[in-house]
Structure formats: C-alpha cells, structure tokens
Amino acid sequence: MERSDSHSTESPNWWQSGVVYQIYPRSFADSNGDGVGDLQGIRSRLDYLEWLGVHVLWLSPVFRSPMRDFGYDVSDYCDIDPVFGTLADMDALIADCHARGIRLMLDWVPNHSSSDHPWFVESRRDRTNPKADWYVWRDEPVNNWLAAFPAGDRAWSFDPGREQWYLRCFLPEQPDLNWDNPDVEAAMHETLRFWLDRGVDGFRMDVVHLIGKQLDANDPDTAVERGYSHVTFNDVPVTHERLRGIRRVLDSYAGDRACVGEVYLLDEARMAEYYGHGDELQLSFNFSFLWAEWDAAILRAKVLATLNHLRPRNAWPTWVLSNHDVTRHRQRYGGSEAVARMAAVMLLTLPGTPFLYMGEELGLVDAEVPPDRVVDVDGRDGCRAPLPWTPTPDHGWPHDPWLPFVAAADECNVATLRERPGSVLHLYRDLLRLRHEHPELQIGEFTMIERDDNVLAYERSLGDRIFTIALNLSDSPSRLEIASDHRVLLATVPFDPSMPFDGMLPPQSALISTGT
Ligand code: NOJ
C-alpha cells in the first residue's frame with residue numbers, strides 16, 4: 001500500500017467538508033412558466049436538495065446577460081437577469097439557503113464581459129473615452145491565439161468604429177477585460193463586494209486563469225494548426241498577483257467566504273499553482289481528472305498525481321466529473337447505470353471536495369437535441385437538458401422548456417427515483433449521508449491500495465477507524481484483501497449488511513466497508 005497523502009484537518013472549513021451541487025439555473029426549475037428555470041424555481045425545490053443532503057449550491061450565472069453564451073456573457077455584474085428573477089428573489093434565496101444551513105456560491109465571470117456591457121459600449125466608442133483601455137485593443141492581432149468559440153476562429157475581432165482589433169478568447173460578443181488596467185481590477189473587486197455584502201458565501205470563478213495574459217507569447221504552431229483555443233495555454237505569473245488581490249477581498253469579509261477557480265489547464269502541476277501558498281484560490285477544479293478515462297490504472301495515477309502536487313502546498317483537492325460544458329460522465333464512461341453508480345462512490349469518497357452536477361443523481365445521460373433545437377454555439381445543449389421532476393409528460397415543467405428532456409425522463413426523474421429505494425438517486429443520498437456522518441470520509445487520511453488489475457481501491461482513516469473503498473471496473477469478480485471484521489456499509493449492488501464481507505467484489509460494482 002502506498003500511504004500517498006494526508007489531508008487531515010481537525011476543523012474543516014465548509015468548502016472542505018461539504019459537497020457542492022451545481023445548478024444550471026435555466027434548466028433546474030421554472031416557477032413562472034416561460035420555459036426557463038429561475039430563482040423562485042430553485043427556492044421551491046430546496047426541500048429536495050435538503051432531502052438529498054447537499055451542503056453547498058453553485059449557481060451558473062444569473063446576472064444580466066443577452067444570453068449569447070447563456071449568462072457567461074454578463075452585461076451587468078450587479079443585477080439579476082429578468083429571466084431568472086430579481087435582486088429581491090436572490091436575497092430571498094440566500095436567506096432560505098442559510099436558514100437550511102446551505103451555502104450559496106455564485107458564478108463570477110472575470111475574464112470577459114458581454115459586448116452589451118456599458119463598459120464595452122463606451123470602450124468601443126473611440127480611442128480616447130474614459131473606458132478606452134478597459135478592454136484589450138490593438139491596431140492588429142498581436143499573436144496567433146484562437147478563440148474557444150466558434151472553434152477555429154481567431155481570438156481577435158475587428159471593430160469598425162475604433163478601426164482596431166479587440167481580444168476575445170470566447171465569442172466576438174465576449175470581449176476580454178483588460179486586467180492590466182488597475183481601474184478594471186478595482187471595478188471587478190467592487191462586483192465581488194456587491195454580492196459579498198448581500199451574503200453570498202463565495203464564487204465559482206470562470207476561466208480565472210485568463211485574467212493575466214502575455215500578449216506577445218504565441219501558442220504552439222502545432223496546436224493552432226489543430227484548432228486548439230488559447231484557453232488551455234494561458235498560464236502567466238501576473239495572474240497570481242491578481243488572484244491574491246481577489247483573495248484579499250474575500251478575506252476582508254467575515255464568514256469564511258471562498259472561491260473555486262475554473263483553472264482550465266489540463267495538468268495537475270500547473271493547476272496546483274493557482275492555490276498559491278494559501279493566499280490565492282481556496283479550491284481549483286481538476287480538469288485533468290475530469291478527462292481521465294474510466295480505467296482503474298489511469299484514475300489511480302491521476303488521483304496520486306493530484307495529491308502529490310497539492311500536498312506540499314497544503315492545498316485541498318476537488319473532484320468533478322460533469323458540468324454544463326461536457327458530455328455527462330455516465331455517457332462518457334460507456335452509459336451503463338453500473339458505471340454511474342461506481343463513479344458516484346468514487347466521487348464522494350476521494351479526499352477533497354466533490355462537485356455534483358444537477359441530474360447526475362438521477363443517472364442522466366445527455367439529451368439528444370435535434371438540429372432545429374440547437375441553441376449553443378459549442379454543442380453543449382445535451383448536458384444542459386432540463387431536470388425532469390416527474391414522470392408526467394411535462395416532467396414538472398409548467399411550459400415546454402427551452403431544451404428537450406433526456407430520452408429516459410419517464411424513468412429517470414426525481415419523483416420516480418425518490419419512491420424507489422435502491423435507485424441511483426437513493427445511492428447518492430446514502431453516500432451523502434454516510435459522508436456527512438463519518439468524518440473519515442471528509443477529512444480522513446487517504447491511502448491508495450496498489451493493485452495491478454482494473455480495481456481502484458483506497459482507504460480513508462482517522463485514528464483506528466478505517467474505511468475501505470473499492471471499485472471493480474472489470475467484468476469479472478475480484479478479490480479484495482481486507483481485515484476479517486469488515487462489514488459492508490454501502491454497495492452499488494444488493495448486499496446483506498448483517499453478513500461479514502466475504503472479500504469478493506462483484507464485476508462492475510463498488511462498495512464501502514469498515515471494521516468497527
Ligand atoms: C467556461 C464556462 O463554464 C463556459 O460555459 C463558458 O462558455 C466559458 N467559460 C466562457 O465564459
């Protein structure tokens with residue numbers, strides 16, 4: 001066995017002990033029948049989230065936006081878009097969450113605004129206005145960077161008014177803010193304060209590794225030839241100074257406000273840098289792990305690499321498999337419910353903070369979106385399908401939602417699975433409860449059990465209490481050597497809790513055992 005890591009901490013912060021549930025608000029719950037989810041819809045479903053047992057909600061952006069990137073193009077950082085409700089609705093949601101002991105994180109988009117934002121409208125007017133330098137303007141493109149959308153586009157757009165080019169790492173309607181300008185940095189800090197003053201617990205920070213840039217550094221030619229966007233290459237020192245500035249804003253508030261950064265760099269070593277030395281991001285997403293294949297050796301290597309890079313910094317890992325940008329992990333891993341169940345066990349028992357994406361607790365795959373209903377520029381509609389609440393044809397939505405439901409919504413919906421003990425929904429709930437009841441699974445030491453087969457196995461422990469977690473990804477039974485007093489606490493296949501564990505892991509199954 002390799003005792004590979006220890007992240008024990010006696011009194012964990014909420015963002016360490018909790019489990020985060022990502023809500024994509026457009027697709028969660030619609031209170032006013034316009035086919036788009038909203039804040040009142042979220043409020044009306046807090047009972048469900050409390051029943052499920054999540055402790056933190058992260059809402060994808062709800063700020064004012066022309067919705068060309070469905071909220072990731074912000075035209076007012078300090079207001080709620082009418083499609084989602086009002087500031088009063090947000091205040092009510094914050095209060096309701098807190099009354100239930102649930103924390104709330106908002107999605108903050110610091111790298112770019114909408115081209116409809118008054119800052120950009122002014123900036124593009126001429127070359128001398130007070131906001132002329134709030135975005136990245138040049139007489140000609142100064143590097144070979146490609147934008148993320150539409151894939152293959154140059155990251156520079158020409159503005160006929162100023163007769164200059166502006167940088168936009170995403171859509172032409174998402175111009176990059178110029179963080180080299182201290183006024184921009186100060187204005188963005190103010191937007192954080194606006195929400196911190198209203199009581200939000202923290203932020204998910206969109207592509208936050210992009211707020212520092214080195215414009216004269218070209219991306220590798222080979223990557224550009226293949227059409228790779230600049231986003232995965234941007235990694236420059238000045239960003240860290242800016243993250244420390246952001247962290248100082250958070251730390252100036254009582255109540256342990258926290259952030260998780262979308263650091264879209266695909267290796268653990270570079271991602272780890274964004275935690276700084278306890279003075280930058282409290283949490284960073286781990287995309288290298290998200291993109292790992294469903295294979296025990298690969299997952300084992302990714303987990304160990306993550307921990308090896310974070311441990312020296314005393315940095316807290318995160319684990320995420322699905323979100324609003326990627327094909328849902330059940331589908332990526334082959335589509336079976338057995339895989340969805342095993343992945344849930346892994347996600348909720350690795351050492352660090354798990355992030356769940358709404359609907360994964362129902363075992364959802366992506367919806368099939370016919371060409372005439374495609375709305376996203378980057379093919380991400382499938383994973384954003386509306387959450388099915390009921391088996392009825394409307395699935396609990398008062399009006400036809402903006403995107404189609406998943407094909408399996410008659411079966412995979414909250415009401416049906418909630419009534420079915422043993423369903424994947426109950427598995428998530430049982431896992432959340434187990435994790436909540438046992439600090440070993442939140443803050444315990446982590447030890448990887450080295451094996452040379454398609455079994456991922458590890459231990460979590462505090463003192464003498466050891467939990468063993470094992471996933472058999474193969475199609476044949478496999479033996480697991482554990483102490484003879486171990487009993488199975490939870491498994492993805494039926495088991496008899498009164499019997500000692502016989503050491504055999506059925507194929508395509510996962511279990512958690514402990515000796516007491
Ligand atoms: C990452 C977000 O997750 C994605 O949805 C968005 O399109 C880009 N950043 C641009 O903001």
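Atoms within each ligand, like the ligands themselves, are counted from 1 in listed order. Heads up: numbering here begins at 1 and tracks the sequence. Just so it is clear, the values below take in all heavy atoms, side chains as well, and ignore hydrogens, waters and symmetry mates. All of these numbers come straight from a predicted model, not from anything done at the bench.
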Validation row, ring centre Phe28 to ring centre Trp389 under 6.0 Å
yes
Just checking Tyr72 against His324, ring centres under 6.0 Å apart?
yes
Per-atom contacts, ligand 1 versus [X] - under 4.0 Å to a heavy atom:
X: Arg380; result: 4 (C), 5 (O), 6 (C), 7 (O)
X: Arg384; result: 5 (O)
X: His112; result: 10 (C), 11 (O)
X: Glu262; result: 1 (C), 3 (O), 9 (N)

Between Phe289 and Trp319, what is the ring plane arrangement, given parallel below 30°, perpendicular above 60°, and tilted in between?
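Judged by the thresholds at 30° and 60°, the geometry between Phe289 and Trp319 is perpendicular.
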Is Arg138 close enough and on-axis enough to Trp156, meaning under 6.0 Å and within 45°, for cation-pi?
no
Could Arg332 and Trp291 be counted as a cation-pi pair, given that NZ or CZ must be under 6.0 Å from the ring centre and within 45° of the axis?
yes
Protein heavy-atom partner closest to [atom] - residue, atom, separation in Å:
atom: atom 3 (O) of ligand 1; result: Asp325 OD2, 2.5 Å
atom: atom 6 (C) of ligand 1; result: Asp69 OD2, 3.3 Å
atom: atom 2 (C) of ligand 1; result: Asp206 OD1, 3.1 Å
atom: atom 8 (C) of ligand 1; result: Phe170 CE2, 3.7 Å

Distance only, no hydrogens: is a donor on one side chain within 3.5 Å (strictly under) of an acceptor on the other, for Ser65 and Asp73?
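Per modelled atom types, Ser65 and Asp73 side chains form a pair under 3.5 Å.
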Do the side-chain N and O atoms of Thr353 and Trp15 include a donor-acceptor pair separated by under 3.5 angstrom?
no
Contact partition for Phe149 relative to ligand 1, non-hydrogen atoms under 4.0 Å:
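For Phe149, the contact with ligand 1 is made by the side chain alone.
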If you measure from each heavy atom of Arg68 to ligand 1, is any distance below 4.0 Å?
no
